[in-house]
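For reference, the structure is listed below as structure tokens.
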Amino acid sequence: MPASSLDQVVSLCKRRGFIYPGSAIYGGLANSWDYGPLGVELARNVKQQWWEAMVYRRDDIEGLDSGIILNRKVWKYSGHEGGFNDPLVDNKESKKRYRLDHLLEAQSAATLQKLVELIRMKTKASEIDTAPDKLINGLVHALFDLKSSAGELLTQAKIVDPETDEPGNWTEPRQFNMMFSTQFGVTADEENKVYLRPETAQGIFVNFKHVAETSRRKPPFGVAQIGKSFRNEITPGNFIFRTREFEQMEMEFFIPPPPYAEGERTDDEWHAHWVNERFNWYTDLGVSPERLRKHNHPKEVLSHYSKATTDIEYRFPGSLGFAELEGIANRSDFDLTAHSREVPNNTEARERLKLPPNPDSVENLTFFDQEKKQHIVPWVIEPAVGVARPMLVFLCEAFAIELVDELPEADAKRAGEQLAAYLKSVEKSENLDDGDKKAIVDYGRQLAAMEIGKALPQVSALLELKGATRIELSKKLKGLVDKLIETNYRTVLKLDWRLSPIKVAVFPLKKNEDNIVTLARKVRASLAAHWRTVYDDTGAIGKLYRRQDEIGTPYCVTVDFESLKENTVTVRHRDTMAQERVAIHDLVPFFSRKFSHPAHCREA
RNA sequence: GCGGGUGUAGCUCAAUGGCUAGAGCUUCUGCCUUCCAAGCAGAAGGUUGUGGGUUCGAAUCCCAUCACCCGCUCCA
């Protein structure tokens, strides 16, 4: 049972030190987050698993760590400096904002024709290519060049707001630069202006030749990189899901370009291969395939560099729902061609990819095909993912609130009655939107039909539905449920051990018994040489277990009186709460077996 | 950036415009405790998001601002 609401996970993260709001003591900084003691371990483990799967376990991928700041020309020729600045316009009446090209695409042919005429009148002889595939692009550029009068023309042409189906009152198109800029050197002159990378991929492309030559690689081969990237997102949010500073794990896989001979693996096949590889990475680490899906982007919405893109999406709890986790793009020969000075078929490729010539580069990013006896620009398949998203997925997926003992009959009865009373009150309520009301009642009925002990952990998710807390009884219900959860349930993160921030926790059964404490500390030290191990004695044994459950520690070791005589300890398993007796001198081999193979972590 | 909502202790919540802003949980200290959030005693934790204003008096009313949540444009 994964988390039933994102808030449960967010709350756990803040409470236990996975993730804190950034710059909190100064009132915060919008959508920025700092990773605490446990968060940093989890993030490291996610990156470690990715690196192992992508680099170590394969023999066709190398690693790289390029700069966050690159020569500005990298971004000029990659298309980010121009292409990512999609002009946006606002409808002053409906307050809706649109990307200019998207807005124009939604207009009728007649409206566009009218707009073309208006622009021609305004700019006298200016040429707009009215060929169907170039019209929108031409209009966007023409309008943008017009600056201040463009909004007026849009309004005059009666450009329709897709939301309201009425002609809008439009602002001038405004450019939104997604890249962070800073200065490279102590003076803030224009020539010192540089950008923080919006993706790590370009650092790989510009190093293509270096890596290929120094590691003696030929396509197919890949280069992987993990590092921070920065984008001035228009709408960051949803906890760590979208932030302006974020860490990426990207791999560029270089393959021979088409045409392909009989039996040769094609770009589409490589693309499909990587989609599957990446999908399996998640399921291997414990994500249920039921909550994962692949989503192919329709041609119209593809990025400027992409021939095809497939997203792996995860169904997050609550209102976020299915959202993009990872993108696997077929970037074709776009990037390597863009950064090459001159290569065979250069003109053809540049025309096909709508790329300008590149007199600034000193390199041709090609490999020499011995069979074909010519220089060839490889194609690229790119699986790219942010570190935070898988982290959030693993947390959501591992999160569980479990009944420890059976719920006392009186409490169970009371909870059932409260829930029924609440639902009745919702149905009768008049200050709820019909849709909201239906959503609450439907979910509520579903819970009411369940065994009450299993339903209670989901009541908090029920009360997070829109409008749910507007009902007076919701507070009473929440109060009761919170109390019952606190006493009868345990929160447990059933993380795959490879992801767990702490692998083993060691406790003394009694903290005021010096011999036990000393031995427990010794045991911790011996295990810490191998795995992330902590010692804790600031509570009764039951509390210590629950604490570790909440942060996903797979095993706890307890030193007791018997340990002093027999040199054995209790090992307690997170998922089953089962205990077994293990000799102290056997602990390292014992955990080596447990932590040697992924299957061991799923014995429960 | 726009529209809507929310801001009281680490968390969940109290407090008619009126006494030193309270309670439970958490955290910490001491005692106790032989395996699943036990008990006892104590402590810490707040410029009520921030800054103004109205008032004899503001957590409460008004204005501004900041942050978060839900939508829109973004797509790792």
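These numbers were taken from a predicted model, which means no experiment stands behind them. Proteins come first, then strands; the chains are lettered A, B, ... in the order of their sequence lines, and each starts at number 1. Computation of the quantities below employed the complete heavy-atom set of this structure, encompassing side-chain atoms and omitting hydrogens, waters and symmetry-equivalent molecules.
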Establish, with yes or no, whether the OP1 or OP2 oxygen of [N] is under 4.0 angstrom from a side-chain nitrogen or oxygen of [X].
{"X": "K511(A)", "N": "U29(B)", "value": "no"}
{"X": "N31(A)", "N": "A67(B)", "value": "no"}
{"X": "N512(A)", "N": "C32(B)", "value": "yes"}
{"X": "R231(A)", "N": "A76(B)", "value": "yes"}
{"X": "R547(A)", "N": "U27(B)", "value": "yes"}

*Could you check D311(A) against S32(A) and say which one's nearest nucleotide on RNA chain B is further toward the 5' end?*
S32(A)
*With RNA chain B as reference, determine whether L509(A) or H295(A) sits nearer its 5' end, using the nearest nucleotide of each.*
L509(A)
Identify the nucleotide, in any strand shown, that forms a Watson-Crick or G-U wobble pair with [N], with both distances under 3.5 Å; if there is none, say none.
{"N": "A76(B)", "answer": "none"}
{"N": "C13(B)", "answer": "G22(B)"}
{"N": "G7(B)", "answer": "C66(B)"}
{"N": "U60(B)", "answer": "none"}
{"N": "U54(B)", "answer": "none"}
{"N": "C2(B)", "answer": "G71(B)"}
{"N": "G45(B)", "answer": "none"}
{"N": "C31(B)", "answer": "G39(B)"}

*asked:* For the P atoms, the ones on G51(B) and on C70(B), what distance do you get once it is rounded to whole angstrom?
replied: 28 Å
_Step-by-step ring-ring contact (aromatic ring centres under 6.0 Å, His included) determination, F316(A) to F241(A)_ = CA-CA 11 Å; F316(A) 287 91; F241(A) 186 79; 5.6 Å; yes
*Is the CZ atom of R315(A) crowded by more than 12 outside heavy atoms at less than 6.0 Å?*
no
*Is the Lys NZ or Arg CZ of R231(A) less than 6.0 Å from the centre of F180(A)'s six-membered ring, within 45° of the axis?*
no
